[in-house]
2 protein chains.
Amino acid sequence: MSRPSRSAPEHRGAGSHVRNGRGGARSAASGDAATRERLLAVATRLFSERGFRGVTVRDLSREANANLAAVNYHFGDKLGLYREVVAMALEDVHVDPTTDVAAESTPEERIRHYVTTYVPRLASPRGRAVWAQKIMRHEMNDPTPLAPWIAEVVILPRMRFLAEAVATLMGTDMGDPRVGRCVVSLQAQCLSYMPNRFREVAFPGWREMTDAEIRAAATHIADFTLAGIRRLAEQGE
Amino acid sequence: MSRPSRSAPEHRGAGSHVRNGRGGARSAASGDAATRERLLAVATRLFSERGFRGVTVRDLSREANANLAAVNYHFGDKLGLYREVVAMALEDVHVDPTTDVAAESTPEERIRHYVTTYVPRLASPRGRAVWAQKIMRHEMNDPTPLAPWIAEVVILPRMRFLAEAVATLMGTDMGDPRVGRCVVSLQAQCLSYMPNRFREVAFPGWREMTDAEIRAAATHIADFTLAGIRRLAEQGE
DNA sequence: GACGCGATCAAACACGTGTTTTATACATGC
DNA sequence: GCATGTATAAAACACGTGTTTGATCGCGTC
């Protein structure tokens, strides 16, 4: 009961979602994308701007020029649509600053590379894939049932990457509590440059950072952090 | 129209709110506090746990053993009740780590004092006035119309205090962009130890920090930050 | 042409929200 | 005694939410 299954698309496969290829099932006359694709595009934009709870199904339907029932028809429920958006965000985010670093680089180079690629992506309202970062931020502030998934795919690998670099730099192992604290200090500084609704609301004269300021901030974080790590390595546990 | 003003308490004075002293207007027979006071107590707890939007008027009424209309009667509307809670939080927060420091102390002492008093208060679920910090955190994540007020009373004084100490330590003035970046780095590290719903939801094995770990984290932040500041002071702009 | 089927549509449903209304009990002041 | 003003109570209001329903359209196929 309560799920008539009207032979509609199956809303279960969390990972597969092959979805029948959907070649040209729609009327070839209309130039616009299929409803499902329009909903995904609109959902990507709205969820990244306002978070899962800040977007209503009616918002999505209206902006996608779709019927109110379209979300439930194509994605099962609102969370199903959000899950697909998060899946795209994870694909976009999880690769970046930890995997494309040369294996033979020094710990210092790794940390600098992490910061100088990560911070501009977080801070700049321009550029690609900021929407994925915004999804992450909303999840951190106001977690949804998808939070554990996100933590496993994007947070943990970053923590491990940074912890390994910091431990090597300090000449200790990853079980040393100082390593964890340094990783937290580094990550906290990076995240502080993420766009923040509070400062926009609370400080009327706030202006966005320029690209040059963002680069300066990234360099600052790297210098600042490496100095801190070296100092803690000297003074011992 | 739409506001009959039934000679009820005036819900307008944003700043004054003297509120007639309210000596013993209630029947002396009942041992419990007046409805207004019970609502304030419950609101303090619930708003600090779940934020303004996470608490409903029905939650407040139920837990305070008050009628549904009591919030609107005593405080005008839900935001009026929240405003009184925030006012108490501001009184509790704005004094602390910036004003009770000796005027003749060195910049390093000031920064250490700031961190070692601020971080335990942020991080510990025990101790006094954590509810006020939780209110601040909810405002930062999801600002209400009261955000500008909070920014002016608690954020700006802290920023000025830290900026002055950092500038003195670096031997430069507060207009130096490096000063602002160091203040952000310091504050970001402190805030990262604030209780975080994401890590509770996303990491099932999460456990609260002990008092000793919190003290160690505070010392870490101070050492780490002072090292970073000194390094940036050396290398120049 | 009749049928099946995926997709869309308008409408309704069920519920939760902040707020307002109307009535009533109770203490106080004249 | 009685009006007055304060406080509480139960119900309703007005609206927004996610979801479901039943009908209909446009196809392609037998």
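Residue numbers begin at 1 in each chain, while the letters A, B, ... track the order of the sequences.
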Chemist: Nearest whole angstrom, please: distance from the P of D:dA7 to the CZ of B:Arg38.
Modeler: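 Roughly 13 Å, once rounded to whole Å.
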
Chemist: If you check the A:Ala69 side chain, which of C:dA7, D:dT21, D:dA10 turns out closest?
Modeler: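 Nearest listed nucleotide: D:dT21.
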
Chemist: Which residues pass the ring-ring contact (aromatic ring centres under 6.0 Å, His included) test with B:Tyr82, not counting sequence neighbours?
Modeler: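 By the ring-ring contact (aromatic ring centres under 6.0 Å, His included) rule, B:Tyr82 matches B:Phe47, B:Phe52.
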
Chemist: Between the side-chain atoms of A:Asn67 and the base atoms of C:dA10, is any donor-acceptor pair under 3.5 Å?
Modeler: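 Between C:dA10 and A:Asn67, which were checked side chain against base, a qualifying N/O pair under 3.5 Å is present.
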
Chemist: Listed by chain and number, what are the ring-ring contact (aromatic ring centres under 6.0 Å, His included) partners of A:His138, not counting sequence neighbours?
Modeler: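 None.
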
Chemist: So, OP1 or OP2 of D:dT6: does either fall under 4.0 Å of a side-chain N or O from B:His74?
Modeler: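 No, no such contact exists.
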
Chemist: In whole angstrom, give the distance that lies between atom CG of B:Leu39 and atom C1' of D:dA7.
Modeler: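 My rounded result for the distance is 12 Å.
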
Chemist: How long is the line joining CG of A:Leu81 and C1' of D:dT19, in whole Å?
Modeler: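 These atoms are roughly 14 Å apart.
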
Chemist: Scan nucleotides 16-18 of chain D against the protein and return all N/O pairs shorter than 3.5 Å with their distances rounded to 0.1 Å.
Modeler:
unit_1: D:dG18; atom_1: OP1; unit_2: A:Lys78; atom_2: NZ; d: 2.9
unit_1: D:dG18; atom_1: OP2; unit_2: A:Val57; atom_2: N; d: 2.9
unit_1: D:dG18; atom_1: N7; unit_2: A:Arg58; atom_2: NH1; d: 2.9
unit_1: D:dG18; atom_1: O6; unit_2: A:Arg58; atom_2: NH2; d: 3.0

Chemist: State, to 0.1 Å, how close A:Val201 and B:Thr144 come at their nearest heavy-atom pair, and which atoms those are.
Modeler: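 Smallest heavy-atom distance, with atoms named: CG1-O, 4.4 Å.
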
Chemist: Nearest 0.5 Å please: distance from the NE2 atom of B:His113 over to the CZ atom of B:Phe161.
Modeler: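 Answer rounded to 0.5 Å: 8.0 Å.
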
Chemist: Among all residues two or more places apart in sequence or in another chain, which pass the side-chain contact (heavy atoms from CB on, under 4.5 Å) test with A:Asn67?
Modeler: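 Residues passing side-chain contact (heavy atoms from CB on, under 4.5 Å) with A:Asn67: A:Ala69.
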
Chemist: Tell me: CG of B:Leu60 to P of D:dT8, nearest whole Å?
Modeler: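 B:Leu60 atom CG is separated from D:dT8 atom P by 15 Å.
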
Chemist: For B:Arg197, give me all partners under salt bridge (Lys or Arg N to Asp or Glu O under 4.0 Å), at least two apart in sequence or on another chain.
Modeler: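 By the salt bridge (Lys or Arg N to Asp or Glu O under 4.0 Å) rule, B:Arg197 matches A:Asp142.
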
Chemist: Test of understanding: with side-chain contact (heavy atoms from CB on, under 4.5 Å), list the residues that count as partners of B:Glu152, not counting sequence neighbours.
Modeler: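 B:Glu152: no side-chain contact (heavy atoms from CB on, under 4.5 Å) contacts found.
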
Chemist: Which angle, to the nearest 10 degrees, lies between the helix axes at the two ends of the helix from C:dG1-D:dC30 to C:dC30-D:dG1, each defined by five pairs?
Modeler: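 The angle, to the nearest 10 degrees, is 30°.
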
Chemist: Tell me every residue that passes side-chain contact (heavy atoms from CB on, under 4.5 Å) with B:Ala163, counting only those two or more places apart in sequence or in another chain.
Modeler: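 B:Ala163 satisfies side-chain contact (heavy atoms from CB on, under 4.5 Å) with B:Met174, B:Val179, B:Val183 only.
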
Chemist: Starting at atom OH of B:Tyr73, determine the distance to atom C1' of C:dT21, rounded to an integer number of angstrom.
Modeler: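 Value for this atom pair: 15 Å.
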
Chemist: Only counting residues at least two apart or in another chain, list the ones meeting side-chain contact (heavy atoms from CB on, under 4.5 Å) with A:Arg62.
Modeler: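 Testing A:Arg62 for side-chain contact (heavy atoms from CB on, under 4.5 Å), a comparison that skips the adjacent residues, returns A:Asp59.
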
